[in-house]
Amino acid sequence: MAEDGGMGEIGEIGEIGEITDGTTGDRNPEDRNPEDRDLEDLLRSLRVWAPGVTSLPAFDVGAAPGEPSVLFTAWFAQAVAAGEREPHAVSLATADEEGRPDVRIVVLHGADERGWSFATHRTSRKGTHLAARPYAALAFYWPALGRQVRVRGPVTAAPAAEARSDLHARSTGALAAALTGHQSEPLASLDDLRAASEAAWDRARTHPETESPTWTLYHLAPEEVEFFQGEEHRRHVRLRYWREEGGAWQRGLLWP
């Protein structure tokens, strides 16, 4: 665990908000097509947690439950109610054999006593990372409420039967994507992708019981979970849970 509590960087979103007040001096962001403006101009025209778009609810840490999964479920439901379009989209960070980090967006498949769950091909880049270093971190961001949730811990692969059940409980498109395969491998042309995808879609539609041998469901068992609630005066509230030896959860506040 890092000496700073392991999650100090989460406060950076507040720093972005402080330097972006929605104005650009004598430049009116509405006067030009965004595609015609440079990066610095675009960055200075943007706001974080703009009024009318974001609501920043109070976070009563004294009423927080003893287990982070309970609070996560409540916050997830509130994100859905607030209109977050894809609250189940989550950044997954892994590291390769040499410790070099990588991150991408995946879809949350569940969160229960086994941990936070996601799926991929075990032959993909993230799959090979997890085989070499079975430890990962997740980061959820729900801007409608100014909230983030960060989770990290060891990762294990679920039994094959559980992975099959999870895959076949999903959409035809999810099965077709899994059957297309070759994830993270070099691709010669988009025509090759189209042909493989069309064949996979046909297979998924006509034989929905088809298995994808490399498709794997993973469970991340949390050792540390942080809940971040933005606050309009940048007095962001950060509640960190960590698991002690024996499995008991402890919690405490962090400076933003």
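Count residues from 1 along the sequence.
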Peer 1: Identify the two heavy atoms, one from Phe118 and one from Leu217, that lie closest to each other, and give their separation to 0.1 Å.
Peer 2: O-CD1, 3.5 Å

Peer 1: Can you confirm whether or not the ring centre of Phe140 sits under 6.0 Å from the ring centre of Phe76?
Peer 2: no

Peer 1: How far apart are the closest heavy atoms of Leu220 and Ala137, and which atoms are they?
Peer 2: CD1-N, 4.2 Å

Peer 1: Say whether, by atom type as modelled, one donor and one acceptor occur between the side chain of Arg251 and the main chain of Pro65 under 3.5 angstrom.
Peer 2: yes

Peer 1: In chain order, what residues pass the salt bridge (charged side-chain N to carboxylate O under 4.0 Å, His left out) check against Glu244, with sequence neighbours excluded?
Peer 2: none

Peer 1: What residues, two or more places apart in sequence or in another chain, satisfy salt bridge (charged side-chain N to carboxylate O under 4.0 Å, His left out) together with Arg205?
Peer 2: Asp202

Peer 1: Would you mind telling me which of Gln148, Arg238, Arg150 makes a side-chain hydrogen bond (donor to acceptor under 3.5 Å, both in side chains) with Glu226?
Peer 2: Arg238

Peer 1: With rounding to the nearest 0.5 Å, note down the distance linking CG in Leu92 to OG1 in Thr120.
Peer 2: 8.5 Å

Peer 1: Kindly compute the distance separating CZ (Arg240) from CG (Leu254), expressed to the nearest 0.5 Å.
Peer 2: 6.0 Å

Peer 1: Could you work out, with salt bridge (charged side-chain N to carboxylate O under 4.0 Å, His left out) as the rule, every residue matching Glu211, not counting sequence neighbours?
Peer 2: Arg164

Peer 1: Once side-chain hydrogen bond (donor to acceptor under 3.5 Å, both in side chains) is applied, what residue pairs with a partner in residues 74-86 remain, sequence neighbours excluded?
Peer 2: Gln78-Arg147

Peer 1: If you look at every heavy atom in Ala204 and Ala176, which pair is closest and at what distance?
Peer 2: CB-N, 3.9 Å

Peer 1: His129 side chain to Ser124 main-chain N or O, any donor-acceptor pair under 3.5 Å?
Peer 2: no

Peer 1: Which atoms form the tightest heavy-atom contact between Trp49 and Thr54, and what is the distance?
Peer 2: CA-OG1, 3.4 Å

Peer 1: Measuring centre to centre across the rings, with the benzene-like ring taken for any Trp, is Phe72 within less than 6.0 Å of Phe227?
Peer 2: no

Peer 1: If you count the non-hydrogen atoms of other residues, nucleotides and ligands that lie under 6.0 Å from CD in Glu97, is the total more than 12?
Peer 2: no

Peer 1: Any chance you could measure Gln229, atom CD, to Leu145, atom CG, to the nearest 0.5 Å?
Peer 2: 7.0 Å

Peer 1: Can you tell me if His88 uses its side chain to pair, donor with acceptor, with the backbone of His109 under 3.5 Å?
Peer 2: no

Peer 1: Please find the pair of heavy atoms, one from Thr180 and one from His182, that lie closest to each other, and give the distance.
Peer 2: O-CD2, 3.4 Å

Peer 1: Please go through Trp215's hydrophobic cluster and name the other residues, only I, L, V, M, F, W, Y counting, with side-chain heavy atoms under 4.5 Å joining them.
Peer 2: Leu167, Leu175, Leu179

Peer 1: State, to 0.1 Å, how close Tyr241 and Ala64 come at their nearest heavy-atom pair, and which atoms those are.
Peer 2: OH-CB, 3.6 Å

Peer 1: Mind running side chain to side chain contact (heavy atoms under 4.5 Å, CB included) on Leu130 and Thr94 for me, showing each step along the way?
Peer 2: CA-CA 7 Å; Leu130 292 170; Thr94 58; 3.9 Å; yes

Peer 1: Each residue besides Leu187 in its hydrophobic cluster should be listed here, by chain and number; the cluster joins Ile, Leu, Val, Met, Phe, Trp and Tyr at side-chain heavy-atom distances under 4.5 Å.
Peer 2: Leu190, Leu193

